[in-house]
Every structure is written in C-alpha cells, then in structure tokens.
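This report concerns only the one structure given below.
We're numbering straight along the sequence, starting at 1.
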Amino acid sequence: MQHTLRIENVSKRFRTTLAVDDLSLAVPAGTIYGILGPNGAGKTTTLRMVMNIIVPDSGRIALLGGDPHRDRSVLQRVGYLPEERGLYKKMKVGWTLEYFARLKGLTDRKEIRARSDRWLDRFGLLDRKKDNVEALSKG
C-alpha cells in the first residue's frame, strides 16, 4: 500500500519537554486525516516536522515518497495552513497570493494573476481580491 505520509518512531524534545514521543503514523494515499488532541499533545510539532520547519531528534518522515528533510522539493507539492496563518494582515488578498506564488517559484506575473483569480473565483472570493487579509474569516 502506498502512503502519502509515513512517520516512523519520531521524537522531538525541547530542553526538558518531550513534545513528541516515538510517534509512528501512516496515512494511506487517497485518504483524509485529521490530527486531534489536547493542547500540548504534539500536533503542531509533528506537522512542523513533516513540513521540515523543525527537525526531529530521532525517527524518519516520508512525505509523498520523499524525505522532506533531505529533498525540500517534495514540499512544493504540499500546502500547510496553521491556525495562526502567518499572513500579513494589512496586505491585500491579491498581493498575498502573488507573494506566496513567488515563494513557490512562479515568476510570470500574468500567470500568477490568472491562477490567483481562478482560485479566488472558485472559492467565491474574487470580489475580495482588493480587501486586506484581516477582513477574511479563518474559515
């Protein structure tokens, strides 16, 4: 069976706090998973390790068949949206999409705008393109 995500015996410690303790998890391809648990359970730490924002102390992570720590290109195929979005609240929605498109390697402004408009339209947000990000709901 192919897995979109495989976490094997991953641990992470921050000084004296053990945030993730020998976690193993396999997410089969074509499925949707949610990670639930109380505050301090290690959910955010785990996702940050999957996205190579922080490095596990031990264990192995495979994402879409690659190792996000050794081959960052695998991360180009994944999106990560934490609860605290890390967006510039005063920036316009359209400019924000262009900024993130450029971070992902797109350079053609016309193509970026066309793609942005297509996605905004798909989600019924095309009329919000010139609004500040802070005007949008988290949903």
Side-chain angles (χ1 to χ4, degrees):
M1 173 182 291
Q2 283 193 316
H3 292 93
T4 299
L5 174 64
R6 182 180 288 279
I7 299 172
E8 296 174 347
N9 307 106
V10 168
S11 294
K12 180 67 180 177
R13 180 180 295 278
F14 298 100
R15 295 187 184 154
T16 59
T17 302
L18 184 58
V20 177
D21 184 14
D22 196 34
L23 175 66
S24 292
L25 168 73
V27 178
T31 62
I32 298 172
Y33 268 59
I35 298 177
L36 304 174
N39 290 343
K43 304 176 300 291
T44 299
T45 300
T46 298
L47 289 175
R48 287 179 177 169
M49 288 187 290
V50 168
M51 296 304 299
N52 197 37
I53 296 168
I54 59 176
V55 178
D57 295 332
S58 62
R60 191 174 89 86
I61 296 173
L63 179 64
L64 299 172
D67 180 343
H69 182 65
R70 293 192 176 127
D71 179 11
R72 294 188 59 86
S73 69
V74 73
L75 298 172
Q76 295 294 321
R77 299 175 50 207
V78 177
Y80 169 62
L81 183 63
E83 182 177 352
E84 289 304 320
R85 300 174 284 192
L87 301 175
Y88 299 103
K89 295 177 182 181
K90 301 291 182 189
M91 188 181 278
K92 304 290 182 208
V93 171
W95 282 106
T96 301
L97 292 174
E98 182 172 338
Y99 171 70
F100 280 101
R102 289 182 181 278
L103 287 177
K104 285 288 191 175
L106 294 175
T107 57
D108 183 274
R109 181 174 253 172
K110 197 172 187 178
E111 179 185 358
I112 291 169
R113 287 183 177 167
R115 285 189 187 193
S116 296
D117 286 354
R118 196 168 40 246
W119 281 103
L120 287 170
D121 186 51
R122 182 174 179 181
F123 289 107
L125 294 170
L126 190 56
D127 61 327
R128 307 295 301 272
K129 183 177 180 175
K130 294 183 180 179
D131 291 354
N132 289 347
V133 168
E134 68 186 346
L136 301 177
S137 70
K138 284 185 177 182

Heavy-atom side-chain contact between [X] and [Y] under 4.5 Å:
X	Y	answer
Arg102	Tyr99	no
Pro56	Val10	yes
Leu120	Val93	yes
Lys110	Arg115	no
Thr96	Lys92	no

Reported [atom1]-to-[atom2] distance for the pair [X] and [Y], which is rounded to 0.5 angstrom:
X	Y	atom1	atom2	answer
Leu126	Ser116	CG	OG	10.0 Å
Leu5	Tyr33	CG	OH	10.0 Å
Leu36	Lys43	CG	NZ	8.0 Å
Trp95	Lys129	CH2	NZ	10.0 Å
Leu23	Ser11	CG	OG	8.5 Å
Asp117	Leu125	CG	CG	11.5 Å

Q) Distance-only, no hydrogens or angles: does the Arg128 side chain make a donor-acceptor pair with backbone N or O of Ala135 under 3.5 Å? A) yes

Q) So, does Asn132 use its side chain to make a donor-acceptor pair with the main chain of Glu134 at under 3.5 Å? A) no

Q: Quick one: closest heavy-atom pair of Ile61 and Pro68, and the distance?
A: O-CD, 3.6 Å

Q) Which atoms form the tightest heavy-atom contact between Ala26 and His3, and what is the distance? A) CB-CD2, 3.5 Å

Q: State which residue, out of Val50, Leu63, Ile53, fulfils the side chain to side chain contact (heavy atoms under 4.5 Å, CB included) condition with Leu75.
A: Leu63

Q) Going only through I, L, V, M, F, W and Y residues with side-chain contacts under 4.5 Å, is there a path from Phe100 to Val133? A) yes

Q. Quick one: do Leu47 and Ile54 end up in the same hydrophobic cluster if we chain Ile, Leu, Val, Met, Phe, Trp and Tyr together by side-chain heavy atoms under 4.5 Å apart?
A. yes

Mark yes when over 12 heavy atoms from residues, nucleotides or ligands other than [X] sit less than 6.0 Å from its [atom1]; otherwise mark no.
X	atom1	value
Gln76	CD	yes
Tyr88	OH	no
Phe14	CZ	yes

Q: Please list, chain by chain and in numerical order, all residues satisfying salt bridge (Lys or Arg N to Asp or Glu O under 4.0 Å) with Arg72, sequence neighbours excluded.
A: none

(Q) The criterion is salt bridge (Lys or Arg N to Asp or Glu O under 4.0 Å); which residues satisfy it with Arg118, sequence neighbours excluded? (A) none

Q | Co-members of Leu106 in a cluster of I, L, V, M, F, W and Y side chains, linked at under 4.5 Å | A | Ile112

Q: Would you please name every residue forming a ring-ring contact (aromatic ring centres under 6.0 Å, His included) with Trp119, sequence neighbours left out?
A: Phe123

Q. Among pairs that include at least one residue of residues 13-28, which meet side-chain hydrogen bond (donor to acceptor under 3.5 Å, both in side chains), considering only residues two or more places apart or in two chains?
A. Asn9-Asp22

Q) Can you list every pair that meets side-chain hydrogen bond (donor to acceptor under 3.5 Å, both in side chains) and has a residue in residues 50-68, with sequence neighbours left out? A) Glu8-Arg60, Lys12-Asp57, Asn52-His69

